[in-house]
Amino acid sequence: MSKMITFDELRQLKAQLPEGSMHKIANELNLDVETVRSYFGGTETVKGESVGFHIEPGPNGGIVILDDTTIYDMAQKILKADK
């Protein structure tokens, strides 16, 4: 299932995550940590492979269309557990 958010919202989510979250997400999903960082950093590819989103120009950094919300959902879960 895809999700649309602004690029600024995606970066804000990353900024709110506790230290070590990128590694935790990568380990749980069996991904390279650079892939997870790229997902939140606005890089559409890692070593030539898609990280699952597209950016459309617009206000607030543009619109990000997340093809797969697994990383996003894990980040939300980490934030809820951290509170």
Side-chain angles (χ1 to χ4, degrees):
M1 185 169 144
S2 64
K3 178 175 183 63
M4 289 178 36
I5 63 172
T6 68
F7 181 74
D8 289 352
E9 289 171 324
L10 186 63
R11 295 294 290 170
Q12 188 174 38
L13 174 62
K14 180 185 181 228
Q16 293 174 359
L17 290 170
E19 188 173 328
S21 294
M22 297 296 127
H23 288 283
K24 181 177 182 176
I25 292 169
N27 288 337
E28 287 191 33
L29 297 177
N30 198 28
L31 295 172
D32 186 82
V33 72
E34 289 304 317
T35 300
V36 177
R37 283 191 183 113
S38 293
Y39 186 88
F40 289 104
T43 304
E44 294 182 43
T45 59
V46 175
K47 299 177 186 171
E49 295 182 30
S50 173
V51 294
F53 71 82
H54 313 279
I55 300 175
E56 298 292 331
N60 300 316
I63 301 297
V64 178
I65 303 166
L66 303 171
D67 294 336
D68 183 344
T69 61
T70 305
I71 294 173
Y72 177 86
D73 294 339
M74 281 198 79
Q76 291 286 359
K77 183 177 175 182
I78 289 170
L79 281 181
K80 287 179 185 174
D82 193 51
K83 289 185 179 185

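Scope of the values below: all heavy atoms of this structure, side chains included, with no hydrogens, waters or symmetry mates.
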(Q) So, using side-chain contact (heavy atoms from CB on, under 4.5 Å) as the criterion, who are the partners of E56 when residues are at least two apart? (A)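 Only I63, I65 meet the side-chain contact (heavy atoms from CB on, under 4.5 Å) criterion with E56.
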
Q.
Taking side-chain contact (heavy atoms from CB on, under 4.5 Å) as the definition, give me every residue that meets it alongside M74, ordered by chain and number, with sequence neighbours left out.
A.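 M74 satisfies side-chain contact (heavy atoms from CB on, under 4.5 Å) with I25, E28, L29 once adjacent residues are dropped.
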
Q: Quick one: closest heavy-atom pair of L79 and Q16, and the distance?
A: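 L79 and Q16 have their closest heavy atoms at CD2-O, 3.3 Å.
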
Q: Compare every heavy atom of A75 with every heavy atom of L13, then report the nearest pair and how far apart it is.
A: CD2-CB, 3.9 Å

Q | Validation row: V36, H23 side chains within 4.5 angstrom (heavy atoms) | A | no

If you round to the nearest 0.5 Å, how far is [atom2] of [Y] from [atom1] of [X]?
{"X": "L66", "Y": "Y39", "atom1": "CG", "atom2": "OH", "answer": "3.5 Å"}
{"X": "Q76", "Y": "I71", "atom1": "CD", "atom2": "CD1", "answer": "13.5 Å"}
{"X": "S38", "Y": "L31", "atom1": "OG", "atom2": "CG", "answer": "11.0 Å"}
{"X": "I78", "Y": "K80", "atom1": "CD1", "atom2": "NZ", "answer": "12.5 Å"}
{"X": "N60", "Y": "L10", "atom1": "CG", "atom2": "CG", "answer": "12.5 Å"}

Q: For atom NZ of K24, decide whether the heavy atoms of other residues, nucleotides or ligands shown that lie under 6.0 angstrom number more than 12.
A: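 Incorrect, the count does not exceed 12.
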
Distance-only criterion, 3.5 Å: show the donor-acceptor pairs between side-chain atoms of residues 2-9 and protein atoms not counting sequence neighbours.
| from | atom 1 | to | atom 2 | distance (Å) |
| --- | --- | --- | --- | --- |
| T6 | OG1 | E9 | N | 3.1 |
| T6 | OG1 | E9 | OE1 | 3.3 |
| E9 | OE1 | T6 | N | 2.8 |

